[in-house]
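Single-structure report; data block below.
Just so it is clear, the values below take in all heavy atoms, side chains as well, and ignore hydrogens, waters and symmetry mates.
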Amino acid sequence: MSLRVAMISEHANPLALLGGVDAGGQNVYIDAVSRGLAERGFAVDVFTRREREDQPRVVPLTAGVRVVHVPVGPPRFLPKDDLWPLMPTFRNAIERMTRAHPRYDIIHGNFWMSGWVATELAERWRVPAAQIFHATGVTKRREQGEADTSPSERIEIERETVRRAQRTIAQCPAERDELIAEYDADPHRIALIPSAVDLERYRPAPQRAARQSLGLDADPDAQIVVYVGRMVPRKDVRNIIRALALLKSRRNGEGNGRLPQLYLVGGETEDPDPVATPEIGILRALAAELGVAELVTFVGRRQPAELHRWYSAADVAVTTPWYEPFGLTPLEAMACACPVIGADVGGISFTVVDGETGFLVPAKDPAALSARLEMVLRDGALRERLARAGRERVEREFTWTMAARRTAALYVDLLNEGGESVSRSVGKNEQIAFPRRSTGRLADSPADRLARRGATT
């Protein structure tokens, strides 16, 4: 009998198009880890909020994985920061929808709101809960200040979830340290499981062929810098444009007229639209103000099947956000044998090895970024060395197969902890013990108070 996993993700649907405001690394994580768990014998249901009237209630993702659309709130897109009042209803709807089915053996929460839902259901169903935040409110508040639109209860709910979940997954050492220092997490209840990259999808391609396939073959010797990711302020693409302007000034001063082209891949629409993606308008204005508009091309949103060609076409990929809980795009670039220059923050500090697979620079420091861009673009041998080491590091440490195996091992540990148990199979050759366990419940949580104000149905 397969072990059944309830994967809770209120806003990040693995079926969603990537690159939008609330569609990114969390969607990729849920898709890849769920598939990997299914390959190891688990049956996974991903519960996410319905956003359209025409969304089927249940959609098979792959053999062993289903996406369950929960009808909570209006059937349209809502920013994730607006979803917190719906969470008691979301919890209750999941419970109603699953009453006729065999119970789940593990609940896995994603993000803080689903973490609350996951721990609530885990205690009602008397099964263990694993939690991954993908980003924490403490970091967001510190980095965004008054621009942080998170509900005021967020950090308190996160602390409560850390206490209630049997395990909290950290994606990098910086996140683990933050959970311990800011959330009083028990170090023995934190599992360090990095996210990863699909090596079949993100693979090296000959640079010239990649450029030709993208229509970038006018000058085969052109230097290309690429940014792939969401077009939102915290990703600080403005920093990249400022660095490009400094590089242009330096080269013009040296009498070197050859300038790199910067391609920005991302946004809400396939064709770059400053109305749909306001950050594009800000970036265009900044490029014009700094005199580099002719060097910057906005590509628009592209899906994963195409992204390996953008990385392969580039001489270097750049990502310098103010903060980044983990960050998948550096791994994607390294998997495509593209050198990376990244901000020395969060998960990027962990995945990019400074001087070996790329370079780390301080956030909000265009001068430092410009200097590293100059170094990488001038030295072909350096680029080749960084590219080779980057691909090797990803193959060694950051595959989704590894992430799924580590997650499965975490589930096994949880299911074997304490209590009377029965044996159930996992995959072909593994046996685990499934505990009948009981957990306590924290009384009068912020969400309980929210529910009393009438948010439940």
Side-chain angles (χ1 to χ4, degrees), residues 14 18-19 23-36 39 134 171-172 193-211 213-214 216 224-230 235 263-266 299 301-321 324-343 346-360 376 380 382-407:
L18 301 181
Q26 184 173 327
N27 306 65
V28 174
Y29 172 92
I30 293 166
D31 177 85
V33 170
S34 296
R35 290 173 186 271
E39 290 173 359
H134 296 282
Q171 297 185 86
C172 63
I193 304 178
S195 286
V197 66
D198 183 341
L199 294 184
E200 294 183 3
R201 172 168 282 168
Y202 295 97
R203 60 194 185 277
Q207 187 179 80
R208 183 162 295 186
R211 291 184 178 188
S213 72
L214 296 169
L216 310 178
I224 291 179
V225 179
V226 69
Y227 165 82
V228 177
R230 292 161 57 196
K235 296 294 186 178
Y263 289 87
L264 303 178
V265 184
V299 175
R301 182 174 63 192
R302 294 294 181 269
Q303 290 305 299
E306 181 181 330
L307 291 181
H308 79 281
R309 291 187 286 157
W310 285 101
Y311 291 120
S312 296
D315 295 292
V316 59
V318 179
T319 178
T320 58
E324 188 63 75
F326 185 74
L328 292 178
T329 58
L331 290 180
E332 293 170 357
M334 292 193 304
C336 296
C338 179
V340 178
I341 302 176
I348 301 175
S349 302
F350 173 54
T351 56
V352 177
V353 181
D354 190 40
E356 181 179 325
T357 68
F359 289 103
L360 296 171
V376 173
L382 173 63
R383 292 198 300 275
E384 290 181 10
R385 177 172 63 80
L386 297 174
R388 183 169 56 253
R391 174 71 187 189
E392 290 173 354
R393 176 163 170 75
V394 169
E395 290 175 344
R396 190 170 59 246
E397 299 290 343
F398 297 105
T399 70
W400 283 119
T401 297
M402 294 175 187
R405 184 174 68 240
R406 291 162 178 160
T407 303

Study note, to complete from the structure: Across all chains, not counting sequence neighbours, the ring pair (Phe, Tyr, Trp, His ring centres under 6.0 Å) partners of Phe326 are none
Practice item. Considering non-hydrogen atoms only, spot the tightest contact between Leu386 and Gly358 and give its length. Key: CD2-N, 3.6 Å
Review point. Side-chain contact, heavy-atom cut-off 4.5 Å: Tyr202 with Leu331?
Key: no
Review point. Between Tyr263 and Trp310, how do the two ring planes meet: parallel, tilted or perpendicular, split at 30° and 60°?
Key: tilted
Check your understanding: What is the minimum heavy-atom distance between Leu360 and Ala343, and which atoms define it?
Key -> CD2-O, 4.0 Å
Practice item. From the options Val197, Leu328, Asp198, select the one residue that forms a side chain to side chain contact (heavy atoms under 4.5 Å, CB included) with Val28. Key: Leu328
**Study point:** Residue pair Ser312 / Ala205: nearest heavy atoms and the distance that separates them
**Key:** OG-N, 3.1 Å
Practice item. Kindly indicate whether the side chain of Tyr227, heavy atoms from C-beta on, has any atom under 4.5 Å from the side chain of Lys235. Key: yes
Exercise for review: Check whether any side-chain heavy atom of Thr319 lies under 4.5 Å from a side-chain heavy atom of Pro321, and answer yes or no.
Suggested key: yes
**Study point:** Trace of the side chain to side chain contact (heavy atoms under 4.5 Å, CB included) decision for Arg211 with Ile224
**Key:** CA-CA 10 Å; Arg211 291 184 178 188; Ile224 291 179; 3.5 Å; yes
Check your understanding: Does some side-chain heavy atom of Arg385 sit less than 4.5 Å from a side-chain heavy atom of Leu382?
Key -> yes
Practice item. Identify the two heavy atoms, one from Val33 and one from Ala404, that lie closest to each other, and give their separation to 0.1 Å. Key: O-CB, 4.3 Å
Review point. Can you name the closest pair of heavy atoms from Gly346 and Cys172 and give their distance?
Key: C-SG, 4.1 Å
Check your understanding: Any Lys/Arg nitrogen of Arg391 or Glu395 sitting under 4.0 Å from an Asp/Glu carboxylate oxygen of the other?
Key -> yes
**Study point:** Spacing of Thr399 atom OG1 and Arg405 atom CZ [to the nearest 0.5 Å]
**Key:** 7.0 Å
Check your understanding: Would you say Val228 and Arg302 make side-chain contact, with heavy atoms under 4.5 Å?
Key -> no
Check your understanding: Does the side chain of Glu397 come within less than 4.5 Å of Pro194's, by heavy atoms?
Key -> no
Exercise for review: Would you confirm whether Arg309, through its side chain, and Ala210, through its main-chain N or O, come within 3.5 Å as a donor-acceptor pair?
Suggested key: no
Check your understanding: Roughly how far, to the nearest 0.5 Å, is SG of Cys338 from NE2 of His308?
Key -> 13.0 Å
Point to revise | Side chains of Gln207 and Asp315 in contact at under 4.5 Å (non-hydrogen atoms) | key: yes
Check your understanding: CE of Met334 to OG1 of Thr357: how many Å apart, nearest 0.5 Å?
Key -> 4.5 Å
Exercise for review: Using a 4.5 Å cut-off on heavy atoms from C-beta on, say whether the side chain of Arg201 contacts that of Glu332.
Suggested key: no
Review point. Any sub-3.5 Å donor-acceptor pair from Arg393's side-chain atoms to Thr351's backbone N or O?
Key: yes
Exercise for review: Please report the closest heavy-atom contact between Ala403 and Ile193, naming both atoms and the distance.
Suggested key: O-CG2, 3.9 Å
Review point. Can Phe359 and Val316 be said to form a side chain to side chain contact (heavy atoms under 4.5 Å, CB included), step by step?
Key: CA-CA 10 Å; Phe359 289 103; Val316 59; over 6 Å; no
